[in-house]
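What follows is a single structure, written as structure tokens, with notes after it.
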There are 2 protein chains.
Amino acid sequence: MANDFRQSSVRLSCYSCPLRSMSHFRRFSEDELDFVARFKRGELSTDAGATVVVEGTNSAHLYTVLEGWGFRYKILEDGRRQILNYVVPGDLVGLQGALMAEMQHSVEALTPMTLCMFERSRLFTLFEKHASLAYDLTWLAAREESILDEHLLSIGRRTALERAAYLLAFLHERGRLTGLLDETRRYVPVTQTHVADTLGLSIVHTNKTLRRLGDRGMIRWLDRGCDVLDVEALCEVANWRPDDALVRPFI
Amino acid sequence: MANDFRQSSVRLSCYSCPLRSMSHFRRFSEDELDFVARFKRGELSTDAGATVVVEGTNSAHLYTVLEGWGFRYKILEDGRRQILNYVVPGDLVGLQGALMAEMQHSVEALTPMTLCMFERSRLFTLFEKHASLAYDLTWLAAREESILDEHLLSIGRRTALERAAYLLAFLHERGRLTGLLDETRRYVPVTQTHVADTLGLSIVHTNKTLRRLGDRGMIRWLDRGCDVLDVEALCEVANWRPDDALVRPFI
DNA sequence: CGCAATGTTGAGTATATTCAATTATCGTGG
DNA sequence: CCACGATAATTGAATATACTCAACATTGCG
């Protein structure tokens with residue numbers, strides 16, 4: 001439950017970064033790759049359940065997710081928790097802390113994770129020397145913003161069933177694009193408590209709502225997660241279409 | 001109700017921009033100011049109720065708010081609307097459209113507004129020539145993200161009363177920092193429908209909730225808006241503290 | 001003046017929460 | 001190996017919260 005970090009034994013070189021070979025991420029020039037390789041300062045491996053970033057602190061580091069699922073959240077004083085968004089390979093973790101005074105949210109691993117670590121103090125150099133990478137950073141921030149917009153629409157105006165359908169379709173899509181899910185691996189690793197804390201519902205009502213999606217054959221709930229059986233149907237219920245941007249930046 | 005744009009007769013020079021004299025916004029170097037002055041392509045003046053940006057379109061422009069209040073929103077096919085955030089002087093409008101394929105939300109004016117217009121096509125030049133301004137752009141995107149995080153926490157996990165208190169404290173704080181509100185002008189220009197669509201509540205329930213805040217002497221509802229009488233008390237109810245960052249970037 | 005938008009209120013209904021109890025699964029230690 | 005506790009999922013019942021419907025008051029504007 002507490003922080004549980006392992007020092008990775010094998011360290012990946014940016015030159016052979018497995019994410020770069022995926023069609024979903026944009027190609028780098030040799031120049032950009034050289035810079036990022038020098039920007040990188042290490043790797044962080046965590047167990048499932050580990051807290052990677054703590055609200056109110058200010059880490060000297062900035063991360064990119066290499067492997068695994070995680071989530072960002074905030075809690076109120078009395079313990080009420082709201083999950084803000086999920087992180088998957090290619091996502092930045094800790095940009096806020098790098099730009100502002102301190103982190104305004106925490107990040108926890110859903111599965112074992114590997115993160116690529118960068119020196120916060122060298123971020124401004126990136127802006128000075130590599131406009132294209134700076135542009136990508138802003139792109140990533142703008143995309144996070146548009147995801148949060150959709151989440152707000154969901155929690156604020158969709159019904160419980162629509163919200164649940166949206167969330168699972170959304171997670172399935174993110175997992176699919178980043179190589180975490182495919183035709184055979186369709187297991188989204190969240191508990192019903194995570195779903196409840198994302199949708200702004202109680203666990204009991206979340207359970208009943210997920211059951212309804214299961215009854216309609218759209219998902220199959222297993223222990224600590226579910227298989228997404230029919231993404232199209234989920235999108236239909238939620239009245240949502242995934243963003244069809246083909247390539248995305250990645251630092 | 002429809003788009004209603006006026007061509008401004010008097011056009012402000014960036015060198016005498018009224019926002020720059022405010023302590024809330026960071027100072028520019030002469031170099032930066034020169035660039036922004038050339039980046040600027042015009043001004044947009046709108047009436048209250050005008051739609052400045054339409055979801056699904058892709059304007060050739062990017063804006064900075066100079067005067068007035070506005071809001072960003074999304075709607076579902078059947079008309080359900082969710083207000084995502086409010087815009088005040090110094091806020092960027094249309095960054096998403098400038099970076100991604102198209103706008104994922106609309107923007108509407110709450111009061112008459114003046115916006116400073118920039119050429120989208122020249123955005124990349126900003127990244128190439130002015131790292132400090134690019135950094136500011138990313139900072140603004142990250143801050144928008146952290147505001148949306150707080151909104152999500154609010155809609156997802158706060159009670160109706162807490163949500164309403166948070167929203168009014170939040171709007172009052174934003175207005176105060178950007179010169180829209182002060183000791184004498186404390187009128188926040190939103191209808192109860194706007195509040196409802198921001199908080200994810202019905203108008204009827206919003207009305208009853210606002211009345212409770214009024215009964216406790218924290219606000220006084222007027223026609224199409226309210227006076228915020230006791231921000232401290234609102235913050236207390238919401239269990240929220242405004243961000244105490246002193247200066248912020250502004251392009 | 002009359003319409004349109006906004007704000008208000010009460011009543012009945014629907015949705016979602018809390019409380020409480022039960023089952024299943026997994027890993028740990030005896 | 002099995003008992004045990006911890007976490008997760010499930011279910012029913014009572015209650016609270018929020019929504020819809022409907023009617024009416026108020027204001028500003030053409």
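Order of the sequence lines sets the chain letters (A, B, ...), proteins ahead of strands, with each chain counted from 1.
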Taking atom CD of B:Glu108 and atom OG1 of B:Thr51, what is their separation to the nearest 0.5 Å? 4.5 Å
Judged by each residue's nearest nucleotide on DNA chain C, which is more toward the 5′ side, A:Leu161 or B:Thr191? B:Thr191
Less than 4.0 Å between a side-chain N and a carboxylate O, is that true for A:Arg248 and A:Asp91? yes
Measure from CG on B:Leu201 to P on D:dT17 and round the result to the nearest Å. 13 Å
One thing to verify: whether B:Arg241 and B:Glu173 come together as a salt bridge, which I'm taking to mean a side-chain N less than 4.0 angstrom from a carboxylate O. no
Salt bridge A:Arg157-B:Asp197, side-chain N to carboxylate O under 4.0 Å: yes
Touch check for A:Gly214, heavy atoms < 4.0 angstrom, all strands: base, sugar-phosphate only, or nothing? nothing
Sub-3.5 Å pairs of nitrogen or oxygen atoms, protein against nucleotides 20-23 of chain D:
none

Check for a donor-acceptor pair, side chain of B:Asp227 on one end and backbone N or O of B:Leu229 on the other, with a separation under 3.5 Å. no
Interface limits on DNA chain C, where chain B has a heavy atom under 4.0 Å of a nucleotide atom: C:dT6 to C:dA11
Whole-Å distance between D:dT11 P and A:Asn207 CG? 7 Å
Closest to the 5' end of DNA chain D, once B:Arg224 and B:Arg158 are matched to their nearest nucleotides, is B:Arg158
Is it the case that the side chains of B:His205 and B:Ser202 hold a donor-acceptor pair, with the cut-off being a distance below 3.5 Å and no angle test? no
Atom CG of B:Leu222 and atom C1' of D:dT26 are separated, to the nearest Å, by 14 Å
Whichever of A:Arg157 and A:Asp223 has the more 5' nearest nucleotide on DNA chain D, that residue is A:Asp223
Between side-chain atoms of residues 61-78 of chain A and protein atoms elsewhere (two or more places apart, or another chain), which donor-acceptor pairs fall under 3.5 Å?
{"unit_1": "A:Thr64", "atom_1": "OG1", "unit_2": "A:Ile251", "atom_2": "O", "d": "2.8"}
{"unit_1": "A:Arg72", "atom_1": "NE", "unit_2": "A:Glu144", "atom_2": "OE2", "d": "3.3"}
{"unit_1": "A:Arg72", "atom_1": "NH1", "unit_2": "A:His105", "atom_2": "ND1", "d": "3.0"}
{"unit_1": "A:Arg72", "atom_1": "NH1", "unit_2": "B:Asp149", "atom_2": "OD2", "d": "2.9"}
{"unit_1": "A:Arg72", "atom_1": "NH2", "unit_2": "A:Glu144", "atom_2": "OE2", "d": "3.0"}
{"unit_1": "A:Arg72", "atom_1": "NH2", "unit_2": "B:Asp149", "atom_2": "OD1", "d": "3.0"}
{"unit_1": "A:Lys74", "atom_1": "NZ", "unit_2": "A:Gln104", "atom_2": "O", "d": "2.9"}
{"unit_1": "A:Lys74", "atom_1": "NZ", "unit_2": "B:Glu150", "atom_2": "OE1", "d": "3.2"}
{"unit_1": "A:Asp78", "atom_1": "OD1", "unit_2": "A:Arg80", "atom_2": "N", "d": "3.3"}
{"unit_1": "A:Asp78", "atom_1": "OD1", "unit_2": "A:Arg80", "atom_2": "NE", "d": "3.2"}
{"unit_1": "A:Asp78", "atom_1": "OD2", "unit_2": "A:Arg80", "atom_2": "NE", "d": "3.0"}
{"unit_1": "A:Asp78", "atom_1": "OD2", "unit_2": "A:Arg80", "atom_2": "NH2", "d": "3.2"}

Strictly by modelled atom types, are A:Tyr86 and A:His194 linked by a side-chain donor-acceptor pair under 3.5 Å? no
